[in-house]
Amino acid sequence: MPETNGAPKIGVYVCHCGVNIAAKVNIPEVVEFARTLPFVTVARDYKFMCSDPGQELIQQDLREGRVNRVVVASCSPLMHEATFRRATAEGGQNPFFFHMANIREHVSWVTADEHKATEKAKALIAAAVRRVAFHEPLEKKRVPVHPHVLIVGGGIAGIEAALKIAEAGKKVYLVEREPTIGGHMAQFDKCFPTLDCAACILTPKMTQVRAHPNIKLLTYSEVESVEPYDLRNFKVTIRRKARYVNEDVCTGCGLCADVCPVTVPSEFDEGLGTRKAIYRPFPQAVPNVFTISRRGTPPCQAACSIHQNAQGYITLIAHGKFKEALDVILRDNPLPSICGRICTHPCTVNCTRGTVDEPLNIPGLKRFITDLFPDYKLPTPTKERPEKIAIVGSGPAGLMCAYELRQRGYKPVIFEAQPVAGGMLSVGIPSFRLPRDVITKEINRLKEIGIEIKTNTPVGKAITLEQLRQQYAAVFIAIGAHVERKLKVPGEDLPGVFGGIEFLRRVNLEGPFNLGERVLVIGGGNSAVDAARTALRCGAKEVTMVYRRTRAEMPADPKEIEAAEEEGVKMLFLAAPKTILGNKETGVTALECLKMKLGAPDASGRPAPEPIPGSEFVLSCDAIIVTIGQVPDIASLGERLGLETTTWGTFKVDDVTLETNVPGVFAGGDCVTGPDVVVNAMYAGKKAAISIDRYLNKLDMRAGREREGPYRTEYTIDTSGTPLQKQIPMPAIELARRRTFEEVHTGYTKELAIAEAKRCLDCGICCDCRLCATVCEAKAINYEMKDEIQEIVVGSIILATGFKLFDARRIPRYGYGKYPNVYTALEVERMTNSAGPTGGEIRLRDGRKPKAVGIIHCVGSRDRNYNSYCSRVCCLYSLKLAHLIKERTGAEVYNFYIDMRVPGKAYEEFYDRMLEEGIHFIRGRVAEVTDHAMTPDEEGKLVIRAEDTLIGVIRRIPVDMVVLAVGLEPQADADEVRRKFYISCGSGGFFLERHPKLAPVQTFADGIFIAGACQGPKDIQDTVAQAGAAAAEVLSLIDRGFVELEPNTAFIQEELCSGCKTCIPLCPFSAISFNSDKGVAAINEALCKGCGTCVAACPSGAAQQHLFTDEQIYQEIEGVLSYV
Amino acid sequence: MSKPKVGFYWCASCGGCEEAVVDLAEDVLKVVEAVDIVFWPVALDFKRADVEAMKDGELAACFVNGAIRTSEQEEMAELLREKSQLLIAFGSCSHLGGIPGLANLWDRQAIFEYVYKEAPSVTNPDGVVPQEQTKLGSNGYVLTLPAFRDTVRALDQVVEVDYYLPGCPPPVKLIVNAVMAILENKLPPKGTVLAPDKALCEECPRKPTKPDKLALKELKRPHQILIDSEKCLLAQGLVCLGPATRSGCGAPCVSANMPCTGCLGPTSRVKDYGAKALSAIASLIDSEDEQEIAALMEHIVDPVGTFYRYSLPASLLHRRVRRGATGGAQA
Amino acid sequence: MKYLYYPGCSLKGTSRGYEESVLAAFEALGVAVDELEDWNCCGATAYMAVDEMKAFALAARNLALAELQDGSEHPTLIAPCSGCYLVLSKTQHYLQEYSEVSRMIDGALQAARLRYARTVHVRHPLDILINEIGVQEIARKVRQPLQGLKVASYYGCQIVRPYAAFDDQVNPKTMDNLMQALGAETVDWPLKTRCCGGSLMGTLPEVGVPLSYILLKEALKRGADVVATACPLCQFNLECYQDKMSHQFKERIEIPVVYFTQLLGLALGVSERRLGMHRLLVPMPTVRGGTRPHA
Amino acid sequence: MSEQWEPRIVAFFCTWCTYTAADLAGISRMTYAPNARIVRLMCSGRMDPQFVLKAFADGADGVLIGGCHPGDCHYQAGNYKALRRYTLLKRVLTEMGIEPERVRLEWISASEGDRVQKVMNEMVEQIRKLGPLHLEKAPRRTAAAQEREREAVGVSSQGGAR
């Protein structure tokens, strides 16, 4: 048991608090009652116990030994506990021989009935008396305050506080989430009521912040977390978002922005103006450096198997920068002129524009560039390596692999069985879609950079795989899938029945030949469509495609199907071949088919076709082309080094590395996947090249390859308000000419290409064209930059996170977003600014000068449906805008207000001045803004309907421009932020101060302060004043160097602790540990914050809490119940 | 000089406490040697009259086990109080009310209704229930039975108690220590519970296996799991009340894979055993979701029976609230 | 999905065309609707004005019946008349919000040996068409596109106020989207929910008539061929008083005022008769573009 | 007794949220039923089920516990500990014949003075409906027994700390 002061002699002191208590509580009666309580030796009352004479009463009784424990019945302990503890101490007793009964906040102010109030007061006093008898003497402990300060928010509040503290020689971290400090004030033109220029008074302070040695400015950064560092100080984690521009090197010259092709609405100009993807919010920004907005890889690029940067070249095309576009294309694609023609373009499928009207014709644009520069060259390798690598097959997979390897310095050698290189590209795709010379050129470009291609060299005959493996550092097998699937119906071997690929190969290599009049093509894939269109060009009169399912299930590209139909190809759906009729002599004469119907979905997810029994019918024909898929010709390779294959007759490979079961031998493309599109074959080639490179350098072949190949982007784009404009069709030769092998599409002209490119929505914002890097002399730009995490320790934090404006769209009846000439106040503010989007001109959207302007007050404020509070600044800034509008345009200005709220120095005078200037004031909340004209003079105007409550009539005021005086709201993430900083939000969602009058910038979390509009709507004057106050609070803390903590910590009575460990996991501050020598729990007082959770849970009562022992609380309970 | 006289008496209890005395085994001889047992109905034929005949304080010490349920038990308790210098509450029932104390969840009428009428094993067509007085035949002799009270009480809720020997039954070790203390006159201040004032974990063989940060993701009952005979039972999800219960028994139950049910009662600092035990268990539930918490707690099928198994009469609420009952003490 | 349908008095009387077209259109869309059996007055107008609690009780009975008849977990009750729609919704809302009301109504229902478990979802046909069936689906089923027809969608007050359950209170768009899906053009006008005169038309014509006039005038001014409504009273006020307006304001006010479901029916190829269009006082012009469906 | 009977309620409020809210209610002069007596704890996590039982045993008809909203606890998670104990305690109380409505756990933030008013009034009404808690007074623990408790908490029988 602690030393103590003998038998209790308790003094009870009841405060009148003027009339605050006395008016409700019968003080004499209470005092009388107090005298009757056990151990009470003195009971007195006084008008103001907190006053000096009041405290003197207590001290005398203590000094003269009448009393050794004190109960004061007055206001809330949160208000004056400290005061009376001091008094007790000065009276010579330990300050904790004191307890307070809250008979003001909890009694006199909340109780209607005087008798009941008196009773309640008695009960609380009885409780306090019983409790204080069990109080023990305690010592407050001191904890040092770390001298560093964190300020969150770089608006005028943050700036002001930072400068004040830094001036006092203390270290300040100023964190701002935007690229520059300045906050809302930087957007203002003039400040009321003095109409002085905001920039003129703000920017000097901003530069001081930048220059100040004691301020560490962290812009474009956000606080991630705040953890207790010790009992009183904080460990703060800050995320420094990647700017992609090196802050220390950038000179702010702005050349980058000049060349940047991406234009987006400027946040700083409230969307009235534009900025580039690499930008600086405004010329005086601090720090005066640029930032690149990157939303991430755009959907088109992400969806592309080889991640071709489509947005990049599209944006450049839109700006007529064609050469630059070519460079972007060649960054990741060695076969662009081929892809530009025949790629199935997953990019387009995922194009965001597709959700608005139609996707962009991305391949078309790529083709445009390659057509424009027919003689472009591929980049040449920058280094050379000795290793030779064998590649089997010169299809897109083989070519891509060779190219990627070559770029890494290797010497790839391609072995091709066919007389021409290109694989399926050359033999499987008809030249009216992909002219031969295009292929030849692409292949020559590859040869030019040192890729060797051996045609007519079938591996397995000319040379064996085994030899390749011995002679080459690595082998990549990409033999494609060239063996036709069979229908397996009678008569399939009759003359006049062709495999689709066989047919296409023959036409491609030997030229067109006669098939007869009527041709049937069986199958629904791209090759089938190619075959059909080729058949037409071979002179067939009637070509019909026979497909088991319906159009919806056809795997072929819809555009190709359309093209085929245009050319006259007929479609026969839900029909499957049963027998091919004819004989050796006549050859095929007809096809017997079965009608089909769609059944339940099969493995491919498409509905499975089911034959309808007895529905046979016959189609007569002269030739049948069967194009129902292909498989790899693995047999042709001869002995296969025991390479494993799948049941589908494809090679078995590791899907991450494409390595086969034989080390150093890789396989990819159709011979692994089965028939697939070009771009996926190229993807395989690229993948293999990466694997081979790692394999030869003995690197981990799997690490960090997740993002190879197609994926979906995480973000979504807001496309609302995008004007509709469908895709611009690519010119093609007229139908009549589509009987030859002339290429069908002729490609975009420059004008068309630019127009089509302009449809791009800039999903990724920065399009990664990297032009900025080319002009940056300081070499400040770094596309690889990553977010950085920084940890600091501080003793005090000031939150100055400011406000956000009410979103006027939430009140549709005011027409914001519907009527172009309805603006928010801040938008007009920007217009009035000479550096703003209109160079200081106040204009309507169509450029006219407004003749009449209506300003609607309290938009989103003083309205139960939105915010019930008054935003305080709107009346004044409306007056300011009224003045500026009248001054700049001479327009009639109408203010619609509920009440004019202009308290504050020189505000009323400002209001008077506006009245004299002839601004109109109409008292009444506006009902609606409408373009519904009822009289001629309302035609073409916006009509403001409002009740004029002063004359009691509904008025309709026609105006050209409406300005909405939107209110102030807490930041969207205020709740998240306050949780981070352990503080609360008050009504309206603004940060809650510790006391509305006496602690306006303190919070309930020690060491955390608030300043400016994050605490509640306020103007610049008040904001700056609060910032000063917060700075003063912080400085006084730092200068004292320590804080005293309430000694309400928990402790363990070891003689009673069984070491059951119940308390240990409950402590939120990990203050409790297990002392295994003694086998008992131990509380680290330096970490305990005194919540008492462990005490409540301790099953043997061994844990107790100072100031809140079980017995003290029991006594209080008995007390409050002993007198009701 | 004559040996100090000692008495044993048996109120509402199972008799296990008497067994405990026998369990002293050869030690009992020491006792018999040292003292003169003058009242022990369960073992020797003494009548109430013999006690009444004694002088006040004639008994050096009297060990009373069992709770107080009937008028007869009240009278005996008072009588023995007069005749004894030391009155010792012996065992959980007299210490805290014990298992019989759980009857405080009902009252006399409800109990009679069940025991004499509703219980499945009862055939009582005439619905006869015990009467305090029954006239016998012609001679008008009135047979009387003790009154059956609504509420079960611990011994110290009826008479002054000097010491408490906790446990169901009290562990032999504690009994021996107590007797020796009396003989050697080395007694602690009156009102003390004659057992260590630390919880059971202190002497639990499984203590070392208890994790520092225990979080209960599920609560189990012994028959629901294969119990690891080494590991802390709480850590296995069993509701073991060791952390809330006085030590001194040597943790025999826990050693036999049986979670502690709390017969030695709370430590000196705890006002309400059940509440504290409950608080400790609940605090360790590993969830912050209201529904989930409730769901987890459902696994404690009988909270009162679990947390107040031995201590309901001595608890703050002491008995179930009866609608319409008027406040004020009643017995 | 099957729906229950609450006609209310108007759809059986003055606005039969509304009922006919609702049912025909839903049928054409292949959506089954069953009429609520033994329904009674929704509680609107007089009751609501005189004694809310009575109105709630009446509405609650209908809701209870709906649960009884439907038996599914969350029955949907379609109320085409905006008056009914509002009262039923309001009752549902009050039963959930105010325990007092809840208690009294349960008592009342008990007297009728009914109980209501609060599961019914009261919805307007527009809501169903847009949010359940969807414009794409409807567009797919259009057989007679309303090519070149300029429609002024008029929503009236009750389907968006006070509960904006499925559309914006000030500038609703569902009906416009529907009309566009039918191939019609919609005029963008600011009076979509402005008062039609309501019952003042009868009680205070000098106030009521001008209110309707303002609406039609603006619709005509914006080049509308027809006004589409979603409420019997609106339709009645706007259609029946056109002569009066013309006379009072000395200008020809003549424009067909139809139920939006009638236009829907037309586009889906339902005959005019089945849509009750022969009941119109101001006949619909031939639908330009597509030939006029045969009566 | 019912006509002059008034519900007796003990309210245990955490310092940071609910007690402050109660002060705010006072500052805003929101009058409410005077039946509840507030006992201040640092955190609702300090709430020991014994306090609730003690209150009932000493004649309370209802107990109100106030803490910070989930996620807002000044001590991070004290309010969740309170919630856990409260949940289990309510089951015990029900078995002991005490209506669960007599104990109420409320999350009230420092800014919700109006909620204090509302909850206080509701609570009083609730208890008024339930009527007085007819908990029979525990049989008087005899002097020695009480002394034993005093000993335990280390105070002399004259009440004061030794």
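Computed over heavy atoms, backbone and side chain alike; hydrogens, waters and symmetry mates excluded. Numbered from 1 within each chain, the chains take letters A, B, ... in sequence-line order.
The stretch residues 1067-1082 of chain A places S1070(A), F1074(A), G1079(A), V1080(A) near chain B, each with some heavy atom under 4.5 Å from a heavy atom of that chain.
Contact count versus chain B (heavy atoms, under 4.5 Å) is highest, among T1093(A), L1056(A), I1064(A), for L1056(A). Contacts with chain A were tallied for T267(B), D197(B), L278(B), D212(B); D212(B) has the most, counting heavy-atom pairs under 4.5 Å. The most heavy-atom pairs under 4.5 Å with chain A, out of K198(B), E203(B), E202(B), come from K198(B). Among C232(B), G242(B), A199(B), the residue making the largest number of heavy-atom pairs under 4.5 Å with chain A is A199(B). For the set S279(B), A277(B), P243(B), the entry with the most heavy-atom pairs within less than 4.5 Å of chain A is P243(B).
Taking the side chain as every heavy atom from C-beta outward, L241(B) and F307(B) approach each other to under 4.5 Å. F234(A) is not listed as a side-chain neighbour of E227(A), based on a closest heavy-atom distance of 4.5 Å or more.
Within the 4.5 angstrom heavy-atom criterion, atoms from both the backbone and the side chain of S283(B) approach chain A. In this structure, chain B has a heavy atom under 4.5 Å from the side chain of L1066(A), while its backbone stays farther away. With a 4.5 angstrom heavy-atom cutoff, C1057(A) touches chain B only via backbone atoms. Looking at P196(B), neither its backbone nor its side chain comes within 4.5 Å of chain A, counting heavy atoms on both sides.
At most 12 non-hydrogen atoms from other residues, nucleotides or ligands lie less than 6.0 angstrom from CD of E139(A). Atom CD of E298(B) has more than 12 neighbouring heavy atoms from other residues, nucleotides or ligands inside a 6.0 Å radius.
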List the atom pairs, donor and acceptor, that lie under 3.5 Å between side-chain atoms in residues 250-259 of chain B and the rest of the protein, sequence neighbours left out.
residue : atom : partner : partner atom : Å
S255(B) : OG   : A251(B) : O            : 2.5
N257(B) : OD1  : R206(B) : NH2          : 2.6

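Looking only at distances, no side-chain donor or acceptor of D1110(A) sits under 3.5 Å from a matching main-chain atom of Q1104(A).
Ring centroids of Y164(B) and H95(B) are separated by less than 6.0 Å, placing the two rings close together. Not less than 6.0 angstrom separates the ring centroid of H135(A) from the ring centroid of F98(A).
Just one of R322(B), R319(B), H318(B), Q157(B) meets the side chain to side chain donor-acceptor pair (under 3.5 Å) condition when paired with T151(B); it is R319(B).
Electrostatic pairing of E29(A) and K122(A) counts as a salt bridge here, judged by a charged N lying under 4.0 Å from a carboxylate O.
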